[in-house]
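Each ligand, and each atom within it, is numbered from 1 in the order the structure gives. Remember, predicted model here, so these are calculated numbers, not experimental data.
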Amino acid sequence: MAAKLGGMQIYRSSLLRFADDGRALYDEDGLLAVAPDDKGQQRVVAAGSWQALQARFADLPGVQVTHLPERILAPGFIDMHIHYPQTDVIGAPAAGLLPWLENYTFPHESAFADRSHADAVAGFFLDELLRNGVTTALTFATSHPASVDALMQASQARGMRMITGKVLQDRHSPDGVRDDTEQSLIDTEALIRRWHGVDRLGYAITPRFAPTSTHAQLRGAGELAARYTDVWIQSHVAENLDEVRWVAELFPEARSYLSVYDDFGLMRERAVYAHCIHLDGEDRALLRERRTAAAVSPTSNLFLGSGFFDFAQADAAQFLYGLASDVGGGMSFSPFKTMQAAYVAGREGQTKQGLSLSPASLWWQHTAGAARALGLAGQVGNLQPGCEADFVVLNPACTPLLARKTRQASSLDELLFAMIILGDDRLIERTLVSQAK
Ligand SMILES: [Zn+2]
């Protein structure tokens, strides 16, 4: 954790970060000091007001100050659920989830049997994340083990903290993406050993969703999850009502769709389920009890007409959640588009409470809150001392309207909300990752 003074870099700029309780902290004239630790990883050494920290950090001999006037330094965004192989599926017209999978997603994913195709998409995908200010993501690969190797190698080359896993789907899947029960578990374990914990990379055990895995495959996945306790788990749950009905037919013994995963040992810390729309009170209590997180994917839910995540019920039940793009079901790589849609979803939630999610809370859900939900609090998603130095440089005057609106902002809420509602990739002037090579 302790950073050396050698190689320290100081930034002077406006600075956004978060307190442990999720409150946004903002210094109009801020100082961010970063330095490599003994493994060469850039970490935040100090963050706060320029006035308070200048003498201790900026005035040291040999220290270089990068002054970024009219800019805001903020934590790199975290995308809690995305599919890198669906980069080319974004914007595909379909009537709903199940026809969308059949007509677009599965045919595209089958192309990842070819390693060179996987390499090309992985590189484009990561560059697109960085261009949009996203520095960490929990992403699906495909059922082909080489699709994991492709993404891991490309992430390693960029020094990014990324988590991915081979998709498990041994039934109800077409030729080209369907895997073999026994072999899929052998491959998963081999990939865990090859990649988990290497540099900044993490592995996620990845059943696509309950309908496309046999009981035997889910049981095997649960056994691996018990053996490798710091590996992530990712899947989908309760996105769409047709899907919920299908799961009830396939798993008549389960209390609910979510509890299918619990029955197979797939709910624990570091397990993340996308969507979590059609849940009941017992499901929400179970999420909290297992410290399992929901990945809220509002642009995808709007696109596929699936329904809305219920923020009020989630907060009442106190389970972990954070924001996600869910590209290719999602409509944009931009965290600003996701935060905009989350705001709308909060207004339209199942209980129609007309919630007005605060700008700081939306931003937190895509940074420090998402990190907490992934079990990475204090590592990424924030710019407090000790954090890995993944951050973005925002230009709040990147468009005429944003310049006009942000200039008029008289509070932090007004400033953040103008960027959430009007922002996109143009706001991201630069993205810096901690271990850039
Ligand atoms: Zn998804």
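A salt bridge is absent between R208 and D179: the closest approach of a Lys/Arg side-chain nitrogen to an acidic carboxylate oxygen does not fall below 4.0 angstrom. Using a 4.0 Å cut-off between charged nitrogen and carboxylate oxygen, E223 and R219 do not count as a salt-bridge pair. With respect to D263 and R255, no salt bridge is recorded, no charged nitrogen being found less than 4.0 Å from a carboxylate O. A salt bridge does not link K39 with D37: none of the charged nitrogens is closer than 4.0 Å to a carboxylate oxygen.
No donor-acceptor pair closer than 3.5 Å links the side chain of R291 to the backbone N or O of E269.
Under 2.8 Å from the Zn ion (ligand 1), one finds the following protein N/O/S atoms: H81 NE2, H83 NE2, H236 NE2, D326 OD1.
Within the 4.5 Å cutoff, the side chain of P93 has heavy atoms near those of the Y104 side chain.
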